[in-house]
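Here is the structure we will look at, set down as structure tokens.
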Amino acid sequence: MNFPDKPKHPHGGHRNRMRTRYRREGIDHFAEHEVLELLLYYCYPQRDTNDIAHKMLAQFGSLHHLFEADVETLMARLGCTENIAVLLNLIPALANRYFQSKWNKKITFKNAKTAGAYAIDLFVGLTDERFYLISVDARNRLNGTVLISEGTTDEAAVYPREVAKAALQSQASAIILAHNHPGGTLKPSRGDLEVTHQLVNWLQVINIPVLDHIIVAGDAYYSFAERRQHVAGWE
């Protein structure tokens with residue numbers, strides 16, 4: 001018995017060329033729509049994902065805004081399935097988990113540069129404002145990172161009592177404060193300055209110094225210690 005040949009994929013040659021290009025060159029020279037086109041190969045096995053990628057980007061404006069949309073918004077605006085919406089929404093969360101996993105649990109924070117690099121990776125892929133306490137031991141080695149509060153895109157409530165409690169529970173010899181500005185500005189607000197001053201005073205009572213307060217916006221950071229503002233700073 002003879003079976004007919006399996007029909008060829010209408011876009012197979014193009015997809016093979018794109019995959020080969022990625023393997024040879026990496027993703028740096030890919031345009032945004034090409035990055036998305038490549039990702040969508042694994043969602044649409046029989047369709048032209050170049051056209052779909054262009055339409056998705058036209059709807060959201062950039063990969064950044066596309067990936068940061070929630071699942072319900074993606075499904076409503078793109079008319080896509082839940083599986084595709086979940087995959088797109090998963091990208092920032094995966095990036096955040098990846099960057100956190102690359103840090104050794106016993107990393108030593110030597111200066112603001114080290115703390116800033118750690119904090120930048122801590123906030124990768126996050127679209128809301130979060131406030132973390134980074135606990136260190138007597139040799140400034142990482143004890144752990146504690147989420148203190150999570151807010152909207154422009155605010156996160158911080159209560160000194162909760163920070164002090166988290167510092168004690170994590171057996172901190174000292175702490176580093178870190179929060180992000182999803183809006184993109186690194187400049188500390190008046191509220192940032194007041195909260196930092198208040199937390200430093202609270203923690204002095206229980207003899208836990210605040211080495212630094214790091215503000216992150218995108219891939220840049222602002223260090224209170226580098227500017228000698230409120231915190232104990234680095235030796």
Next on the checklist: Using side-chain heavy atoms (C-beta onward) and a distance below 4.5 Å, is I84 in contact with M56?
Outcome noted: yes
Checklist entry - Crowded around Q171 CD? As in, over 12 foreign heavy atoms under 6.0 Å? => result no
Checklist outcome for this item: Rounding to 0.5 Å, atoms CD (Q204) and CG (L199) come to a distance of 11.5 Å
Checklist entry - Which distance, rounded to the nearest 0.5 Å, do you find between the CZ of R139 and the OG of S173? => result 11.5 Å
Checklist entry - So if you build clusters from Ile, Leu, Val, Met, Phe, Trp, Tyr with side-chain heavy-atom gaps below 4.5 Å, do L88 and Y44 land together? => result yes
Checklist entry - Do any pairs count as a ring-ring contact (aromatic ring centres under 6.0 Å, His included) and have a residue in residues 192-229, sequence neighbours left out, and if so which ones? => result F131-H213, H179-H213, H197-H230, H213-F224, Y222-F224
Checklist entry - Under 4.5 Å between side-chain heavy atoms, hopping through other hydrophobics if needed: is there a path connecting L90 to Y41? => result no
Item to check | Short side-chain to backbone donor-acceptor contact, D212 and I214, under 3.5 Å | outcome: no
Checklist outcome for this item: In this structure, CD1 of I27 is separated from CG of L38 (nearest 0.5 Å) by 6.5 Å
Checklist entry - Is any side-chain heavy atom of E68 closer than 4.5 Å to a side-chain heavy atom of H64? => result yes
Next on the checklist: Can you confirm whether R97 is buried at CZ, in the sense that more than 12 heavy atoms of other residues, nucleotides or ligands lie under 6.0 Å from that atom?
Outcome noted: no
Checklist outcome for this item: Scanning both residues in full, the closest heavy-atom pair of N143 with A172 reads ND2-CA, 4.0 Å
Item to check | Chi angles and distances behind the side-chain contact (heavy atoms from CB on, under 4.5 Å) call for L57, E32 | outcome: CA-CA 8 Å; L57 289 173; E32 281 203 337; 4.2 Å; yes
Next on the checklist: Evaluate S170 against L133 for side-chain contact (heavy atoms from CB on, under 4.5 Å), listing each step before the verdict.
Outcome noted: CA-CA 10 Å; S170 65; L133 178 151; 4.3 Å; yes
Checklist entry - Do Y118 and T145 have a side chain donor and acceptor closer than 3.5 Å? => result yes
Next on the checklist: For L39 and L87: C-alpha separation, side-chain torsions, deciding distance, then whether side-chain contact (heavy atoms from CB on, under 4.5 Å) applies.
Outcome noted: CA-CA 9 Å; L39 178 65; L87 176 66; 4.2 Å; yes
Item to check | Under 3.5 Å: donor-acceptor pair, side chain of S62, backbone of H65 | outcome: yes
Next on the checklist: Ignoring hydrogens, what is the shortest heavy-atom contact between A69 and N89? Give both atom names and the distance.
Outcome noted: O-ND2, 2.9 Å
Checklist entry - Is there a side-chain contact between N180 and P182 (heavy atoms, below 4.5 Å)? => result yes
Checklist entry - If we ignore angles and hydrogens, is there a donor and acceptor under 3.5 Å between the side chains of N140 and T108? => result no
Item to check | Closest contact, heavy atoms only, C80 versus L74 | outcome: SG-O, 3.8 Å
Item to check | Nearest heavy-atom neighbours spanning I120 and G218 | outcome: CG2-O, 4.0 Å
Next on the checklist: Just verifying a value: how many Å separate T49 OG1 and I52 CD1, rounded to the nearest 0.5 Å?
Outcome noted: 6.5 Å
Item to check | I134 side chain near L142 side chain, heavy-atom distance below 4.5 Å | outcome: yes
Checklist entry - For the hydrophobic clusters of this structure (ILVMFWY residues joined by side-chain heavy atoms under 4.5 Å, transitively), does one cluster hold both Y159 and L193? => result no
Item to check | Derivation of the side-chain contact (heavy atoms from CB on, under 4.5 Å) call for R77 and F60 | outcome: CA-CA 9 Å; R77 292 180 62 179; F60 283 91; 3.5 Å; yes
Checklist outcome for this item: In short, P209 meets A232 closest at the heavy-atom pair CB-CB, 4.2 Å
Checklist entry - Has R130 got its NZ or CZ under 6.0 Å from the middle of the six-membered ring of F123, at an angle within 45 degrees of the ring axis? => result no
Checklist entry - Is there a donor-acceptor contact under 3.5 Å from the side chain of E34 to the main chain of A31? => result yes
Checklist entry - Do the side chains of V146 and Y132 get nearer than 4.5 Å, heavy atoms only? => result no
Item to check | In one Ile/Leu/Val/Met/Phe/Trp/Tyr side-chain cluster, 4.5 Å: Y22, L40 | outcome: yes
Checklist outcome for this item: For V136 and I175 the tightest heavy-atom approach is CG2-N, 4.4 Å
Checklist entry - Measuring from Q59:CD to K55:NZ, what's the distance to the nearest 0.5 Å? => result 11.5 Å
Checklist entry - Could you walk me through whether H14 and D48 pass the side chain to side chain donor-acceptor pair (under 3.5 Å) check? => result CA-CA 10 Å; H14 175 68; D48 178 7; over 6 Å; no
Checklist entry - Are E129 and E150 side-chain neighbours, meaning at least one heavy-atom pair lies under 4.5 Å? => result no
Checklist outcome for this item: One should read off an interatomic distance between N201 CG and T196 OG1, to the nearest 0.5 angstrom, of 11.0 Å
Item to check | Donor-acceptor contact below 3.5 Å, side chain N96 vs main chain L122 | outcome: yes
Next on the checklist: In the structure I gave you, are the side-chain heavy atoms of I176 and F109 within less than 4.5 Å of one another anywhere?
Outcome noted: yes
Checklist entry - Just by distance, with hydrogens left out, do N50 and E37 show a side-chain donor and acceptor under 3.5 Å apart? => result yes
Checklist entry - What about I206 and V158, same hydrophobic cluster or not, with Ile/Leu/Val/Met/Phe/Trp/Tyr joined at side-chain heavy-atom distances under 4.5 Å? => result yes
Checklist entry - Would you call L63 and I91 a side-chain contact if the rule is heavy atoms closer than 4.5 Å? => result no
